[in-house]
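Side chains are part of it too, since the values below use all heavy atoms of this structure and drop only hydrogens, waters and symmetry mates. Computed from a predicted model, the values in this text were never measured in an experiment. The chains referred to below are lettered A, B, ... by the order of the sequence lines, with proteins before strands, and numbering in each begins at 1.
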Protein chains: 2
Amino acid sequence: MKLQQLIYLIAIADNNLSITKAAEKLFTSQPGISKQLRLLESELETKIFIRNGKQLVGVSELGEEIINRARKVLHEINHIKNISNLANESESGNFSIATTQTQAQYALPKVFANFHKRYPQLTIDLQQGTSEQILSQLQKQEVDFAIASGNIELGANIVKIPCFQWDRTVLFPQDHPLGDLRKITLEDLAKYPIVTYPSMGPAEKSSLKDAFNKVKLEPNIVFTARDADVIKTYVRNGFGIGIVASMAFSPKQDRDLLGYSTKDILPRCTTWLAFNKNMFLKKYMKDFINDFAPHISKEQLSRYLHQDYTSSLQLANSIEKNEDDASLPMHQMWHI
Amino acid sequence: MKLQQLIYLIAIADNNLSITKAAEKLFTSQPGISKQLRLLESELETKIFIRNGKQLVGVSELGEEIINRARKVLHEINHIKNISNLANESESGNFSIATTQTQAQYALPKVFANFHKRYPQLTIDLQQGTSEQILSQLQKQEVDFAIASGNIELGANIVKIPCFQWDRTVLFPQDHPLGDLRKITLEDLAKYPIVTYPSMGPAEKSSLKDAFNKVKLEPNIVFTARDADVIKTYVRNGFGIGIVASMAFSPKQDRDLLGYSTKDILPRCTTWLAFNKNMFLKKYMKDFINDFAPHISKEQLSRYLHQDYTSSLQLANSIEKNEDDASLPMHQMWHI
DNA sequence: TGGGCTTACGTGTTACGTAACGATC
DNA sequence: GATCGTTACGTAACACGTAAGCCCA
């Protein structure tokens, strides 16, 4: 017995016992329904309908009973479908995101402003941590989304969507010798002690160190902090020059500091959003992704979600090689 | 959504969330269940089970709801299946059979003796009539079964099962000149007036007349009756010689008559059982067929029932040509 | 003769089994 | 390293659409 057969059965019963009309209503062929009805009757070893020749002219006693039960079945089936749709479209609950201080402080507020207006019932739980901690929370399914930067390896069960790019900015006090230079090189930076983000554990390779090493230089990192504002404080106090995400530096607010973009001497960083492959995206989650990474079309998102084995490999490779990133938008500056 | 998927779902839920065990219980492959579960979850856009890596370790909130609904669905489905099975296995009700006097009187009593013991609750409604009347009742679905003999054409919507064969017997009073003969020929019979069954209307050709005509003789049929006992009475009263079904003549009970089998000079007759193609056989009907025509195996019966177009043609042809009849058993003599 | 159901047939889809792979304890 | 789930792939079954056939009003 197939659900489709029950759908056909009810359609016939609801259309004056006309197979032709039932077929029209269901946008399918009349012989198809005819055949499935006969298969159903044959499986049940019962004539559900009374026939006059080939024409259906009535419902048998058993047929009534069967039709009633079939209605119940379809009703339950629809309910099952609705359960998940409603859940997927729910606008309340808890939406948890693990992210880094920089993203939480400088990239997310603008996004959440819109998002919260759309979903006022939704409690947003923003968890801060290192990339390691974020990854761990994601793997334990303690959070729905993770947002971070860096080349950390996430594993096969996690979907990783590149969202935007950003450059670093070198910060130093107004009276620092670097302020006299038109153009700053890696050699210049290597001369001074550096305060920046920590290279975040064994799973991640530091693209900053890499860039220095490539030209046979060794950066003198004297202090690291996860919080861009902490880094700025240490720079102000003369510990060294700071290297932070460009969006964490605002010439207007940080008037006592000078900032030089490193876009010509250091590689760009990519901020990505990740979640467990085996989690279904509720509507608000999709909306959030759209707010946070508007360049990702529905089709692209769907490709990330339903990637089969081969395309998954391709995607992983292209992400690995940052092939996608060339087309990624730069982060738009925005301050509260 | 497929019913099969719901069955798999429940099996997983009922087997400690083990896909492997569910597969064993259902005698199917483990990858098959795994895949269908993922298809179901994907269609519903919901994770029914909570996973630890690939292992299922729990049921999600929505999953509980879905599983409960799925149980209801399968329960209703089983009920639908039971409805018809119960009906098919019902042992009470009305079982109507239209037949001829000869069958009712001489062939059926033995069968009904057993059958009635098995189905004491079943009211058997035996209707007597001419072949024409029997056919008409069958076509109007006034009776479940028809049992008769003769070459009557039944039409495409009726299933006709050959049951057994019988010969005719020539009857005459003890002092009749035929009693002096060792062997009786058609020529001998043609010399005397004959009392026999009527040739039953335009739809049927009389095999008796045919046999005479083939050797350029014309039988002198002076009297016809549907009832073998009536025929015997007329024979006793000198209206002529009788030709009746062999099973209607009992040397012990009809001591005043002599009977000669015509098996060498007249063709055998076949008694068949017929019913509408669009009627499903209840269990007691199948049992009746088995009692009445024990040589028909379940497989053969099923072939008669589910014959497709080609085999239907073949069957019709083989019945038409009496190809089957060579293997049909002769009627076993039996008197009350 | 037209409307309605069935039969016939080709085709694209899919369920499922086997085998290989992968992860997890 | 054993157990359990997933991926891959071939095959057989099946649903469904088109077209033709059949029957009844």
Side-chain angles (χ1 to χ4, degrees), chain A residues 1-9 11-12 15-43 47-58 139-140 155-158 276-278 306-313 316, chain B residues 1-9 11-12 15-43 47-58 139-140 155-158 276-278 306-313 316:
Chain A
M1 196 180 335
K2 301 270 158 56
L3 281 180
Q4 191 72 312
Q5 292 172 335
L6 300 186
I7 292 171
Y8 289 169
L9 174 63
I12 296 171
N15 284 282
N16 281 320
L17 307 185
S18 161
I19 293 182
T20 305
K21 278 185 188 170
E24 283 168 12
K25 284 270 174 71
L26 295 177
F27 303 103
T28 184
S29 73
Q30 183 270 336
I33 296 199
S34 173
K35 186 169 187 194
Q36 291 307 314
L37 172 62
R38 268 174 299 117
L39 283 178
L40 178 63
E41 289 187 321
S42 154
E43 181 179 348
K47 288 292 172 186
I48 297 172
F49 295 106
I50 300 166
R51 288 162 170 77
N52 184 0
K54 297 181 172 181
Q55 199 108 6
L56 309 187
V57 294
Q139 284 169 338
K140 289 181 196 159
N157 290 324
I158 289 178
N276 276 277
K277 211 172 177 179
N278 68 9
H306 301 114
Q307 49 196 227
D308 58 20
Y309 181 66
T310 45
S311 67
S312 150
L313 268 184
Chain B
M1 201 181 331
K2 303 268 158 56
L3 281 180
Q4 191 72 311
Q5 292 172 336
L6 300 186
I7 292 170
Y8 289 169
L9 174 64
I12 294 171
N15 283 281
N16 281 319
L17 308 183
S18 162
I19 294 181
T20 304
K21 278 186 189 169
E24 284 168 12
K25 284 269 175 71
L26 295 176
F27 303 102
T28 184
S29 74
Q30 183 269 339
I33 295 200
S34 174
K35 185 169 188 193
Q36 291 307 314
L37 172 62
R38 267 175 297 121
L39 283 177
L40 178 63
E41 289 187 321
S42 154
E43 181 179 348
K47 287 292 171 186
I48 298 172
F49 295 106
I50 299 166
R51 288 163 171 77
N52 183 1
K54 298 181 170 180
Q55 199 106 8
L56 310 186
V57 295
Q139 283 168 340
K140 288 180 196 160
N157 291 324
I158 290 178
N276 276 278
K277 211 172 176 176
N278 68 9
H306 302 115
Q307 49 198 226
D308 59 19
Y309 182 65
T310 45
S311 68
S312 150
L313 267 184

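- Residue contacts shown for T20(B) are limited to sugar-phosphate atoms, with no base heavy atom under 4.0 Å away.
- The CD-C1' distance, from Q30(B) to dC16(C), rounds to 12 Å in whole Å.
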Please table the atom pairs, donor to acceptor, closer than 3.5 Å between any side-chain atom in residues 19-34 of chain A and protein atoms at least two apart or in another chain.
from, atom 1, to, atom 2, distance (Å)
K25(A), NZ, N15(A), OD1, 2.7
S29(A), OG, G32(A), N, 3.3

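- Picking from dC16(D), dC25(C), dA15(D) the nucleotide with the shortest atom distance to the side chain of K2(A) gives dA15(D).
- Between I12(A) atom CD1 and dG4(C) atom P there is a gap of 14 Å when expressed in whole angstrom units.
- Here Y8(A) lies in heavy-atom contact (under 4.0 Å) with sugar-phosphate atoms only.
- With dA19(C), dC16(C), dC5(C) as the choices, the nucleotide that has an atom nearest any side-chain atom of T28(B) turns out to be dC16(C).
- With Q36(B) as reference, Q5(B) is the one residue of K2(B), Q5(B), Q4(B), E41(B) to meet the side chain to side chain donor-acceptor pair (under 3.5 Å) rule.
- Computed from coordinates, the R38(B) CZ to dA8(D) C1' distance equals 12 Å when rounded to whole Å.
- Among the nucleotides dG5(D), dC16(D), dA15(D), the one closest to the side chain of S29(A) is dC16(D).
- Within the 4.0 Å cut-off from OP1 or OP2 of dC24(D), not a single side-chain nitrogen or oxygen of Q55(A) is found.
- L37(A) has its CG atom 15 Å from the C1' atom of dT7(C), to the nearest Å.
- L56(A) has its CG atom 18 Å from the P atom of dG3(C), to the nearest Å.
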